[in-house]
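Have a look at the structure below before the remarks.
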Amino acid sequence: MECRVGCGACCIAPSIAAGSIPGMPEGKPSGVRCIHLDDNNLCQLFGKPERPKFCGDFKALPEVCGVDSNAAMQNILWLEEATQPKDER
Ligand code: SF4
Ligand code: SF4
């Protein structure tokens, strides 16, 4: 599938490791907007060398991106939850 222009869910929902995004040295917690996502949910680093490689490598998939940005947010947040280490109590 083609990425939906203006969706931005994969720049908000996932956590991203420290040192991966320019200007976010602590990384990006799940659910927090990447600082490079503009008001139209477009990447301000698109086409620039400083854009992280994994951002360009990420491909839209129907199973993840769903039918709209809300569905994509839910799917990605669920994946985040499912892949977190469990609290050992
Ligand atoms: S979640 Fe999917 S459709 Fe939305 S911006 Fe990311 S790749 Fe594109
Ligand atoms: S750098 Fe651009 S593509 Fe990567 S997470 Fe931030 S806004 Fe999204």
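Whatever order the structure lists them in is the order used to number ligands and atoms, beginning at 1.
Rounding to the nearest 0.5 Å places CD1 of Ile16 at 14.5 Å from CD of Glu26. Between atom CD1 of residue Ile35 and atom SG of residue Cys11 there is a gap of 12.5 Å, rounded to the nearest 0.5 Å. Of the inter-residue distances, the one linking Gln44 atom CD with Asp39 atom CG reads 8.0 Å to the nearest 0.5 angstrom. For the atom pair CD (Glu63) and CE (Met1), the distance works out to 9.5 Å, reported to the nearest 0.5 Å.
Shown in contact with Cys55 at under 4.0 Å from a heavy atom are these atoms of ligand 2, numbered in order with element: 1 (S), 3 (S), 4 (Fe), 5 (S). The ligand atoms of ligand 2 that sit less than 4.0 angstrom from a heavy atom of Cys34 are 1 (S), 5 (S), 6 (Fe), 7 (S). Against a heavy-atom cut-off of under 4.0 Å, Cys10 is close to the following atoms of ligand 1: 1 (S), 5 (S), 6 (Fe), 7 (S). Near Cys43, with a cut-off below 4.0 Å to any heavy atom, the atoms of ligand 2 are 1 (S), 2 (Fe), 3 (S), 7 (S). Those atoms of ligand 1 with a heavy atom of Phe58 less than 4.0 angstrom away are 7 (S). Heavy-atom proximity to Cys3, at under 4.0 Å, picks out these atoms of ligand 1: 5 (S), 7 (S), 8 (Fe).
Residues Pro22 and Pro52 are in side-chain contact: their nearest non-hydrogen atoms beyond the backbone lie under 4.5 Å apart. Contact annotation: the side chain of Ile21 approaches that of Cys34 to within less than 4.5 Å [non-hydrogen atoms, C-beta and beyond]. Side-chain contact between Pro14 and Glu80: present, with at least one pair of heavy atoms (C-beta onward) separated by less than 4.5 Å. A heavy-atom distance below 4.5 Å is not found between the side chains of Cys7 and Asn41.
Taking 2.8 Å as the threshold, Cys65 does not count as a candidate ligand of atom 4 (Fe) of ligand 1, since none of its N, O or S atoms lies below it. Residue His36 does not count as close to atom 6 (Fe) of ligand 2, with no N, O or S atom under 2.8 Å.
Taking all heavy atoms of Gly8, Ala72, Cys7 into account, the minimum distance to atom 4 (Fe) of ligand 1 is reached by Cys7.
What sits closest to atom 3 (S) of ligand 1 on the protein, heavy atoms only, is Arg4 N, 3.4 Å. For atom 8 (Fe) of ligand 2, the closest non-hydrogen atom of the protein is Cys11 SG, 2.3 Å.
Heavy atoms of Arg51 found under 4.0 angstrom from ligand 2 belong exclusively to the side chain.
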